[in-house]
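These notes are about the structure you will find just below.
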Protein chains: 2
Amino acid sequence: MKKPQKTKPDGQSETSAEPANKPANKKISKGQKTRQQLIEVAASLFQKQGFHATGIFDIAEAGNLPKGSIYYHFPGGKEEIGAAAVAFAGAQIAKALEEVAGKAKDPADLMTKAAALLGDILVESDFQGGCPVCLVALEVAGKVEPIRQSALEAYARWQAIIEKQLCLFGMEKKKAAAQAELAIAAIEGALILSQVQRSPAPLRRLARQLTLSLA
Amino acid sequence: MKKPQKTKPDGQSETSAEPANKPANKKISKGQKTRQQLIEVAASLFQKQGFHATGIFDIAEAGNLPKGSIYYHFPGGKEEIGAAAVAFAGAQIAKALEEVAGKAKDPADLMTKAAALLGDILVESDFQGGCPVCLVALEVAGKVEPIRQSALEAYARWQAIIEKQLCLFGMEKKKAAAQAELAIAAIEGALILSQVQRSPAPLRRLARQLTLSLA
DNA sequence: CACCTTTTAGAACAGCCGATCTATTATGGG
DNA sequence: CCCATAATAGATCGGCTGTTCTAAAAGGTG
């Protein structure tokens, strides 16, 4: 009764914000650009500081973006930004993973390259930020369903990419699925070890060990 | 100059709070018991809600413990409690891991039992809480050194336990170390997947996959 | 240019949280 | 039983945070 549909945005709300395939991007109405930038900066901050430690205005400040319009673009507040940020980060990594997978020569090479991909994130941030999906997901997995869903999709997509590529290498589907899940789990875990140890060594050693499990 | 050493406690501060080997535990001066209980409740809450989402007084409240004495037992505030809680949780899991390792019949059995151990934590909390070390460590790894150290020690100890047991099974030391690290990483990663998916399946599948990598 | 829409600035609010301090009560050794 | 000390209650302070609201500015379309 109190909602005269003031032409608010929110677009198709939920998990959007993917740097994906949109061939006919006619016009990005300034505001939508701001929205996208907010998501990207948020993803970066969440990755380094986590969800709860990141103030909602820190996001705008860190990206020199209009603070006044945060709640205009994200009526759902912090949680909506969180869900969008996790979805974006997940899609970003998925994209990179697809590129890397295409270049891999064999299963072992794929494992190594995938591990190196996540490892680069760590080194680039000087071990300040790990997996952007993991941290936020664990912080609020029990309370904010949309964020949990975003994380769920991200992991599923990563796994599907690896699985598909393993199949292309001739591995049977069932084995490929199991190996892909092992790879995702092991890399995520090693990422944690590397971040805590502040050394890329665990991740590197794991990559090697992962290739040995391909027998 | 402002510290007339009012006989404050703080004991041997830093990372204490281990349910370890103290044969001659003469008397636990009421206060020390409270301190220990605070640590245990804190570990439980941090595991479910994370570090930043847990108020310092929630801890006392959740355990029906004296709120007024939190800063008496932990002059270092929340960060000191965090470090103690991570150390405690790490030691607790290490203890359970040692028991389980002793009962394992072979390397494959060890992998399965280790994974099941962590998995039980998940199920017991109805998928609300995962690895108590991991979450807190990731949240503050870049800012609070003592907590990072506690996490570091926990992971190292877990790995050492598995490595040692693998050696007892006849595996050569170098290979055992690598396999142990893979196991820890993979289990931690699968724990995340299981928590996000709210299903023990990823962890179970990973356990099986881990045994296959023992070839 | 005029006008409606989109977008933004900025203040204001309410609530919570971590930390500190003082006064009070419990504890336990002599 | 006494008393120093350990332990706790409770109030308080300062600061920060997420959210809402209103008015103003910017945008772009006819």
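Chain identifiers are assigned alphabetically (A, B, ...) following the order of the sequence lines, protein sequences preceding nucleic acid strands; residue numbering begins at 1 within each chain.
Applying a 4.0 Å cut-off to non-hydrogen atoms, the residues of residues 59-67 of chain A that approach DNA chain C are A:P66, A:K67, listed by residue number. Using a 4.0 Å cutoff on non-hydrogen atoms, the parts of residues 44-56 of chain A near DNA chain D are A:T54, A:G55, A:I56, ordered by number.
At the phosphate of C:dT8, OP1 or OP2 sits under 4.0 Å from a side-chain N or O atom of A:T34. At least one side-chain nitrogen or oxygen of A:H73 sits closer than 4.0 Å to the OP1 or OP2 atom of C:dT8. Residue A:Y72 places none of its side-chain N or O atoms closer than 4.0 Å to OP1 or OP2 of C:dT8. Residue B:S69 has a polar side-chain atom (N or O) positioned under 4.0 Å from OP1 or OP2 of D:dT8. Within the structure, a side-chain polar atom (N or O) of B:Y71 is placed less than 4.0 Å from OP1 or OP2 of C:dA19.
Separating the CD1 atom of B:I70 from the P atom of D:dA6 is a distance of 20 Å, rounded to the nearest angstrom. In this structure, B:K33 atom NZ and C:dG28 atom P are separated by 11 Å, rounded to whole Å. Following rounding to the nearest Å, A:F57 (CZ) and C:dA12 (C1') show an atom-to-atom distance of 12 Å. The separation between A:R35 atom CZ and C:dT6 atom P is 15 Å, rounded to whole Å. One can place CD1 of A:I81 at 11 Å from C1' of D:dG18, the figure rounded to the nearest angstrom. To the nearest angstrom, P of D:dC16 lies 15 Å from NZ of A:K78.
The distance from atom CG of A:L182 to atom CG of B:L182, rounded to the nearest 0.5 Å, is 6.5 Å. A:R157 contributes atom CZ, which lies 10.0 Å from atom CG of A:L97 (distance to the nearest 0.5 angstrom).
By the salt bridge (Lys or Arg N to Asp or Glu O under 4.0 Å) test, B:E61 pairs with no residue at all, sequence neighbours left out. For B:E40, there are no salt bridge (Lys or Arg N to Asp or Glu O under 4.0 Å) partners at least two apart in sequence or on another chain. Residues passing the salt bridge (Lys or Arg N to Asp or Glu O under 4.0 Å) test with B:E188, sequence neighbours excluded: none. Contacts of A:E79 classified as salt bridge (Lys or Arg N to Asp or Glu O under 4.0 Å), with partners at least two apart in sequence or in another chain: none.
Applying the side-chain hydrogen bond (donor to acceptor under 3.5 Å, both in side chains) definition to pairs two or more places apart or across chains, those involving residues 50-60 of chain B are B:Q49-B:T54, B:H52-B:E139. Counting only residues at least two apart or on different chains, the salt bridge (charged side-chain N to carboxylate O under 4.0 Å, His left out) pairs with a member in residues 176-185 of chain B are A:R205-B:E181.
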Using residues 114-124 of chain B as the side-chain source, report each donor-acceptor pair under 3.5 Å to any protein atom, sequence neighbours left out, with the distance given to one decimal.
none

